[in-house]
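Shown next, in structure tokens, is the structure this report addresses.
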Amino acid sequence: MIEAGFRSGLVTLLGRPNVGKSTLLNRLIGAKISITSRRPQTTRHRIIGIKTTASAQLVYVDTPGVHRPQGRRINRYMSRIASGSVEGVDCIVLVISAQGWRKEDEAALALAGRQSIPVVLAINKIDRIGDRRRLLPLIAESDGRMRFAEIVPVSAHTGENLDALERALLVHLPEQPPIYPAEQLTDKSERFLASELVREQVFGAYGEEIPYAAAIEVTRFKRLKGVLEVEATIWVEKEGQKAIIIGRGGERLKQVGTRARLAMQRQFGTKVRLALWVKVREDWADDARALERFGYTEEPV
Ligand SMILES: Nc1nc2c(ncn2[C@@H]2O[C@H](COP(=O)(O)OP(=O)(O)OP(=O)(O)O)[C@@H](O)[C@H]2O)c(=O)[nH]1
Ligand SMILES: [Mg+2]
């Protein structure tokens, strides 16, 4: 039975790359839904995380960081996903860092402000601020930037004040039945998550341009008795990148494979056998057909 007065609705997490949107999503849901890394432009998709309680269902939408849609087709794709994710939602959470406003925050601020949707400002990473009084000038400055429905300092890392953030969001949700079944946590498939867990390891293991030159294609995802068999290809843009990914004697790829396999075992609660290949497709990030093949399509996976 659904309680009288049950609320549900969509809340988009918006902000420049690297402010902690995906970390925040995972904390709010209490599960790993979206991959994170210390590098900007980690998230490439619109990823939904669903939190259902006895009285409400919050459907959070994680988005690629808002950056200038310059250059390659994949960047334009990511920008489209971010801007499209603020349409028709009940509330927007604009995420900035407690270190203060940056020029790069302005595109996300402008995008949030263009809608006639309530915007809650989440000042994230407050665990990095020793003296909390230092937040007061930032809150005052933020107040002058836009008419925020509320300003909530939080830490996605420690979970501090996320209950206050949730309360600030709930008031903007309409009274209606849940949108998704109560037990559902995301709109994404396990197969998609498997590809993301490989990409997360690539983001963690290599520097420079490698993370941005890599796309993952899962070619086999099969649950057998007691074991999940996964095969995936790491696509890169150049032969030189392939050599870096593999490493001398295959050592680096082996390490990435082990870490991704362990992450999958944790995620899916089963033994995993993982085989990884590395292949080159020149300029895939600028090639419409390759993007579609690697899952960068408007339709959610
Ligand atoms: N200290 C601290 N670090 C955080 C916090 N939230 C996120 N981070 C770190 O900030 C970095 C970026 O986090 P992500 O969640 O990947 O950021 P994002 O906004 O999703 O980034 P994109 O997907 O690139 O747009 C990671 O190294 C996180 O561990 C926080 O509350 N405190
Ligand atoms: Mg992200």
Side-chain angles (χ1 to χ4, degrees), residues 11-49 60-69 72 74-86 92-102 104-109 111-112 121-132 134-135 138 152-166 186 188 192-193 195-197 199-207 209-212 214-216 263 285 296 300-301:
V11 177
T12 291
L13 307 177
L14 197 72
R16 71 167 161 82
N18 218 29
V19 283
K21 299 175 294 299
S22 303
T23 309
L24 186 59
L25 178 84
N26 293 341
R27 258 292 169 170
L28 286 162
I29 305 301
K32 178 145 182 174
I33 306 259
S34 191
I35 62 165
T36 66
S37 89
R38 60 194 169 81
R39 299 180 197 288
Q41 296 181 30
T42 302
T43 305
R44 293 178 181 167
H45 300 268
R46 175 180 187 269
I47 296 176
I48 280 177
Y60 292 103
V61 183
D62 187 18
T63 58
V66 178
H67 60 291
R68 286 207 290 161
R72 307 187 304 170
I74 181 119
N75 292 88
R76 298 201 296 274
Y77 170 82
M78 287 159 67
S79 287
R80 267 205 317 280
I81 292 290
S83 14
S85 300
V86 295
I92 295 169
V93 179
L94 180 67
V95 187
I96 64 164
S97 154
Q99 251 115 22
W101 285 89
R102 286 211 213 153
E104 298 96 298
D105 292 309
E106 279 166 20
L109 176 73
L111 182 58
L121 181 72
I123 301 179
N124 190 30
K125 309 195 185 184
I126 57 168
D127 55 288
R128 286 200 183 153
I129 306 289
D131 182 354
R132 294 296 159 84
R134 277 175 50 205
L135 286 169
L138 179 57
V152 192
V154 297
S155 168
H157 190 61
T158 65
E160 188 178 347
N161 230 18
L162 294 191
D163 48 348
L165 177 62
E166 225 177 68
T186 180
K188 293 287 183 276
F192 169 79
L193 212 55
S195 76
E196 288 288 85
L197 291 174
R199 203 162 62 79
E200 186 171 48
Q201 292 308 323
V202 171
F203 263 67
Y206 306 99
E209 88 274 15
I210 298 285
Y212 305 104
I216 315 300
Y296 302 107
V301 176

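Only this structure's heavy atoms are used, side chains among them; waters, hydrogens and symmetry mates stay out. Predicted model only: the values in this text are computed from it and were never measured. In listed order, ligands and their atoms are each counted from 1. For the single chain, residues carry numbers from 1 onward in sequence order.
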Just jot down the ligand 1 atoms closer than 4.0 angstrom to any heavy atom of Gln41, in number order. 24 (O)
With a cut-off of 6.0 Å (strictly less than), are more than 12 heavy atoms of other residues, nucleotides or ligands near CZ of Arg80? yes
Heavy-atom side-chain proximity of [X] to [Y] below 4.5 angstrom:
X	Y	answer
Ser79	Val66	no
Lys188	Ile33	no
Thr12	Tyr60	no

Give the residue, atom name and distance (to 0.1 Å) of the protein heavy atom nearest [atom].
atom	answer
atom 27 (O) of ligand 1	Arg38 CA, 3.4 Å
atom 17 (O) of ligand 1	Gly20 N, 3.1 Å
atom 30 (C) of ligand 1	His157 CB, 3.3 Å
atom 2 (C) of ligand 1	Asp127 OD2, 3.5 Å
atom 25 (O) of ligand 1	Lys21 NZ, 2.8 Å
atom 12 (C) of ligand 1	Asn18 OD1, 3.0 Å

So, is [X] polar-close to ligand 1, with some N/O to N/O distance under 3.5 Å?
X	value
Thr42	yes
Gly65	yes
Val154	no
Ala156	yes

Evaluating non-hydrogen atoms only, which member of [options] is closest to [atom]?
atom	options	answer
atom 16 (O) of ligand 1	Ser22, Ser37, Gly15	Ser37
atom 23 (O) of ligand 1	Ile129, Thr43, Val66	Thr43
atom 9 (C) of ligand 1	Lys125, Arg16, Arg44	Lys125

Measure [X] to ligand 1 on non-hydrogen atoms and call it side chain, backbone, both or neither using the 4.0 Å cut-off.
X	answer
Pro40	backbone
Thr23	both
Asn124	side chain

Given the options Asn124, Ile123, Asp127, Val154 meets side chain to side chain contact (heavy atoms under 4.5 Å, CB included) only with Asn124
Any donor-acceptor pair under 3.5 Å from Lys125 side chain to Ala156 backbone: no
Counting N and O atoms only, with roles assigned by atom type, does the side chain of Arg199 sit under 3.5 Å from a partner on the main chain of Thr42, one being a donor and the other an acceptor? yes
Is there any salt bridge (Lys or Arg N to Asp or Glu O under 4.0 Å) pair reaching into residues 22-40, and which pairs are they, with sequence neighbours excluded? Lys32-Glu200
Between Lys21 and Asp62, does any NZ, NE, NH1 or NH2 come within less than 4.0 Å of an OD or OE carboxylate oxygen? no
Would you please indicate if the ring centroids of Tyr206 and Tyr212 are separated by under 6.0 Å? no
Suppose we only count N/O/S atoms under 2.8 Å; would Ser22 qualify as near the Mg ion (ligand 2)? yes
Taking backbone and side chain together, does Thr43 place any N/O/S atom at a distance below 2.8 Å from the Mg ion (ligand 2)? yes
So which atom in Ala214 and which in Val202 form the shortest heavy-atom distance, rounded to 0.1 Å? CB-CG1, 3.9 Å
